[in-house]
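Counting begins at 1 with the first residue of the sequence. These values consider heavy atoms only, across backbone and side chains, with no hydrogens, waters or symmetry-generated copies.
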Amino acid sequence: MKRTVLLLGCLLSMGLYAQTSPNGVYSTTEPRPTVLEKPASREIMGGTVIRVNFDETNAISATQKGAFEYACRIWEENIPTTFPINITVKFGTLQNPQCLAYVEPTVGLLESDAYSSQCFSNVYFKRKSQIDDQMLDYATCTVEQFRDAPDATITFSTRQPFDYTINSTAVPVNKYDFVTVALQAIGKALGFLTNTAIVGNNQLIRLEPRNEFTSVILGNDGVQNYKKAVSGTASFSGKGKNWALYCPATFDYKFALNYFASDPNNNETLLMQPGIPKGVAIRYIGTAMQSFFDFCGWNKRNIAVGGSASFDFASTANVIAYQKPVTTVNAPQIKQVSETDETLEFYRRDCEERGGDGHQVLLKNGRWRMYDGNLRSIVEENNDDYARTSDGYLRIKHIYHTSVGEFLVMHVEYGLYDYIPQNPKSSFNSYTIGTYNIQRASRRPYNTFSAEDEYIDTEIGFQQIEGCKKILVEQTDADYPVPYTYFVEPEQGYFIAYMNKRYASTFKLTYINDNGQTIGQPLTIDLSGTQKSAVAESKLSVSQNGVALHYKLSPQIENLNGQYTICNVNNTMHRKQGEVQSSNGVISIIDLPKGIYTFSITCNGKTYSTKWMK
């Protein structure tokens with residue numbers, strides 16, 4: 001029996017520049033609920049991990065990374081166990097001004113007697129192969145295809161004003177909540193996407209890749225597919241409920257059959273309803289997505305013949321309290337299998353829901369690792385290896401068997417374990433020209449300042465904040481080596497540090513929660529060589545009319561490819577970021593309130609800044 005898996009690029013020809021692609025996540029001006037947060041008490045499914053590869057062709061800050069990773073943690077709580085899902089994330093230019101993000105699923109092409117030349121989405125193939133032995137042949141499938149190959153690529157628009165805060169109640173009215181956009185894009189990457197093409201005579205053709213959702217919603221008859229897309233009655237059923245799909249009488253290529261029906265009062269489908277407005281945070285996945293997974297066969301389980309199994313999922317209403325280790329000096333470290341020696345059989349065993357009897361903890365790479373059953377033996381030195389929930393809990397499970405007559409019953413009990421914070425990760429985002437402020441500079445004697453000093457507001461981003469309640473910053477400036485400490489809020493995703501641009505500053509972050517603290521590696525920012533030389537070479541000037549900001553670098557820079565930042569000097573929540581590819585251009589500022597702003601362009605390691613008032 002021939003079974004081979006070929007990982008191909010996406011077969012869709014619509015591309016990033018398609019005007020009305022169903023693969024896009026789009027904006028809307030229609031009103032929606034202000035905030036719909038994830039419930040404090042909720043069941044957490046299985047042990048799936050989403051691994052993210054950030055394509056930094058266009059620079060991605062720690063703030064942006066942290067916001068996307070937080071969206072991944074929310075989805076992981078709702079996904080039945082499968083192999084780790086690999087998503088590539090990047091920022092780029094999307095032609096459609098309403099498009100917030102674009103999703104490209106990867107194709108898994110399977111050739112076997114059971115599934116002859118069928119193109120499945122790679123995400124669906126991963127789950128299906130765990131419960132259907134006919135889809136997996138250890139002789140022809142490789143571990144690299146499951147462990148390393150990308151399952152989807154998500155491109156976020158650099159043209160859109162995103163807000164990256166984790167705090168759902170603090171999204172500015174003039175920005176799109178990035179976490180909400182990311183959640184909807186991940187949902188489409190997981191398979192809520194019919195992949196269709198409209199052709200002549202009102203036909204809707206099914207494209208590859210597909211999954212059970214695509215295969216059932218759409219058939220091979222293009223005319224009938226089109227009729228369903230404009231029927232107003234298309235739906236799918238799961239968990240005893242019928243969920244209506246978006247299919248208005250006037251065909252909508254962007255949204256038809258790719259979203260739930262519009263209903264602002266239906267919180268169970270709200271996240272995956274068409275269109276995302278500004279200023280709105282939707283962080284609740286909804287029970288309809290559990291029905292979607294059930295509809296696609298994700299909740300089926302492969303149980304050995306002659307036995308049965310019970311599954312008890314974790315709940316945030318029953319979190320195991322932190323138990324500080326007595327000692328970690330002689331504690332066993334996590335043993336990683338060498339990738340060169342690894343086999344698909346062992347990899348599948350480490351990632352699957354059943355596995356061997358015993359107590360296990362979930363790692364960020366998607367594998368389960370045994371521990372001796374004593375939670376004090378979970379080694380704190382391996383803190384950065386453990387997977388987390390969106391609340392920062394470790395994910396554990398206990399597998400054991402009992403006998404019922406001549407049959408064996410397998411028990412899989414999932415749990416959550418409260419823990420110390422993750423290891424801090426931080427990076428330099430950007431800076432704007434500051435103003436001398438005695439109160440902010442009062443940490444040092446007045447006679448340490450010079451007329452040549454340049455004061456800047458430096459934005460520093462951070463990630464891995466799930467489970468962190470407070471961040472302590474220790475700032476040491478090269479021109480005054482007495483450390484200055486202060487607290488910042490984790491949910492903001494960044495903080496503004498006041499520093500003298502003539503000298504380097506070093507920042508050390510400590511993440512704190514009720515169980516303890518973790519100290520990050522020092523981050524040194526040295527901008528002493530950027531502004532002076534940049535100003536000598538080129539000057540940035542701006543003019544504005546309340547609607548658009550006109551900027552000009554003189555003399556102009558050839559082949560400019562940089563990033564711009566607009567920031568209100570009194571309220572950093574009022575800001576814009578994006579790409580610039582010309583020394584002379586126009587940027588819309590109609591959504592910015594009146595105030596004093598800085599405008600900066602960074603390219604080729606140099607930053608050009610100026611201040612203006614709207």
Main-chain N/O of G238 paired with S291 side-chain donor or acceptor, under 3.5 Å
yes
Would a distance-only check, ignoring hydrogens and angles, find a side-chain to backbone donor-acceptor pair under 3.5 Å from E268 to A288?
no
Please tell me whether F192 and F292 form a close aromatic pair, meaning their ring centres lie under 6.0 Å apart.
yes
Taking side chain as C-beta onward, heavy atoms only, is N266 less than 4.5 Å from F260?
no
Dump the intermediate steps for side-chain contact (heavy atoms from CB on, under 4.5 Å) on F599 and Y608, then the final yes or no.
CA-CA 8 Å; F599 176 68; Y608 312 87; over 6 Å; no
Main-chain N/O of F462 paired to S426 side chain as donor or acceptor, under 3.5 Å:
no
Can you pull out every side chain to side chain donor-acceptor pair (under 3.5 Å) where at least one residue sits in residues 584-595? Sequence neighbours excluded, please.
none
Determine whether the side chains of N258 and T194 contain a donor N or O and an acceptor N or O closer than 3.5 Å.
yes
Under a 3.5 Å threshold, yes or no: a donor from one side chain and an acceptor from the other, between R283 and S168?
no
Can you give me the closest heavy-atom contact between Y246 and P274, atom names plus distance?
CD1-CG, 3.9 Å
When you compare the side chain of Q492 with that of N167, does any pair of heavy atoms fall below 4.5 Å?
no
Heavy-atom closest pair (T155 atom, E104 atom, distance to 0.1 Å) is OG1-OE1, 4.4 Å
Within the 3.5 Å criterion, strictly below it, is a donor on S390 or E466 matched to an acceptor on the partner's side chain?
no
Between F156 and Y176, does the ring centre distance come in under 6.0 Å?
no
Find out whether L592 and K614 are in side-chain contact, i.e. whether some heavy atom of one side chain is under 4.5 Å from a heavy atom of the other.
yes
Distance only, no hydrogens: is a donor on one side chain within 3.5 Å (strictly under) of an acceptor on the other, for Y431 and E459?
no
Short N-O contact, E56 and K65, less than 4.0 angstrom
yes
Using a distance-only test with no angle check, is there a side-chain donor-acceptor pair under 3.5 angstrom linking T63 and N429?
yes
Check whether the side chains of Q160 and K278 place a donor and an acceptor atom closer than 3.5 Å, and report yes or no.
no
Do you see a donor-acceptor pair shorter than 3.5 Å between the side chains of T389 and E76?
no
Please name the pair of heavy atoms, one in I50 and one in C72, separated by the smallest distance, quoted to 0.1 Å.
CG2-SG, 3.7 Å
Can you name the closest pair of heavy atoms from G46 and T81 and give their distance?
CA-OG1, 3.1 Å
If you measure from CG on D151 to NZ on K126, what distance do you get to the nearest 0.5 Å?
3.5 Å
In terms of the angle between their ring planes, are F293 and W75 parallel, tilted or perpendicular, with boundaries placed at 30° and 60°?
perpendicular
Interatomic distance, T598 atom OG1 to I456 atom CD1 [nearest 0.5 angstrom]
11.5 Å
F162: what forms a ring pair (Phe, Tyr, Trp, His ring centres under 6.0 Å) with it, not counting sequence neighbours?
F178
Between W298 and L190, the two heavy atoms sitting closest are CZ2-O, 4.1 Å
Kindly indicate whether the side chain of F236, heavy atoms from C-beta on, has any atom under 4.5 Å from the side chain of V216.
no
Roughly how far, to the nearest 0.5 Å, is CD1 of I44 from CZ of R73?
12.0 Å
Side-chain donor or acceptor of E37 paired with backbone N/O of Y284 under 3.5 Å:
no
Using a 3.5 Å distance criterion without hydrogens, assess whether the side chain of K552 forms a donor-acceptor pair with backbone atoms of G585.
no
Answer yes or no: does atom CG of N242 have more than 12 heavy-atom neighbours from other residues, nucleotides or ligands under 6.0 Å?
yes
Separation of M289 CE from M45 CE (nearest 0.5 Å)
12.5 Å
Going by atom types alone, do Q273 and D263 pair a side-chain donor with an acceptor below 3.5 Å?
no
Taking D391 first and then K38, would you say they form a salt bridge - that is, a charged N and a carboxylate O separated by under 4.0 Å?
yes
Would the distance check show the side chain of N23 and the main-chain N or O of V103 forming a donor-acceptor pair, the cut-off being under 3.5 Å?
yes
Checking V25, I154, I74, V181 against I186 for side chain to side chain contact (heavy atoms under 4.5 Å, CB included), the one that qualifies is I154
So, for C99 and G24, which heavy atoms are closest and what is the spacing to 0.1 Å?
SG-CA, 4.2 Å
Ring-plane angle category for Y259 and F255, please: parallel below 30°, perpendicular beyond 60°, tilted otherwise.
perpendicular
Could you walk me through whether E579 and T93 pass side-chain hydrogen bond (donor to acceptor under 3.5 Å, both in side chains), step by step?
CA-CA 9 Å; E579 293 180 333; T93 302; 3.2 Å; yes
Does T565 reach the main-chain N or O of I601 with its side chain, forming a donor-acceptor pair under 3.5 Å?
no
Measure from the side-chain N and O atoms of Q64 to the backbone N and O of S61, and report whether any donor-acceptor pair falls under 3.5 Å.
yes
Mind checking whether F251 and I198 have side chains closer than 4.5 Å, heavy atoms only?
yes
Applying side-chain contact (heavy atoms from CB on, under 4.5 Å) to I566 and I587, what does each step give before you reach the verdict?
CA-CA 10 Å; I566 298 174; I587 298 172; 4.2 Å; yes
Are the side chain of Q563 and the backbone N or O of V580 linked by a donor-acceptor pair below 3.5 Å?
no
Should N365 and V49 be marked as a side-chain contact (heavy atoms from CB on, under 4.5 Å) after you check the CA-CA gap, both sets of side-chain angles, and the distance that decides it?
CA-CA 7 Å; N365 62 13; V49 166; over 6 Å; no
Does the side chain of S541 come within less than 4.5 Å of Y551's, by heavy atoms?
no
Among N225, T196, N220, N195, the one residue meeting side chain to side chain donor-acceptor pair (under 3.5 Å) with R206
N220
Is the shortest heavy-atom distance from the side chain of N53 to the side chain of V89 under 4.5 Å?
no
Assess the residue pair K90 and F54 against the criterion (side-chain contact (heavy atoms from CB on, under 4.5 Å)); give the C-alpha distance rounded to whole Å, side-chain angles, the decisive distance to 0.1 Å, and a yes or no.
CA-CA 6 Å; K90 57 184 178 180; F54 292 102; over 6 Å; no
Closer than 3.5 angstrom, by distance alone: can the side chain of S215 be matched with the main-chain N or O of E212 as a donor-acceptor pair?
no
To the closest 0.5 Å, what do you measure between CG (L257) and CG (L204)?
7.0 Å
Do E69 and Q463 meet the criterion of a side-chain donor-acceptor pair at a distance under 3.5 Å?
yes
Could you check if a side-chain atom of N267 sits within less than 4.5 angstrom of a side-chain atom of L36, using non-hydrogen atoms only?
yes
First locate atom CG of N174, then atom CD1 of I589, and finally report the distance between them rounded to the nearest 0.5 Å.
12.0 Å
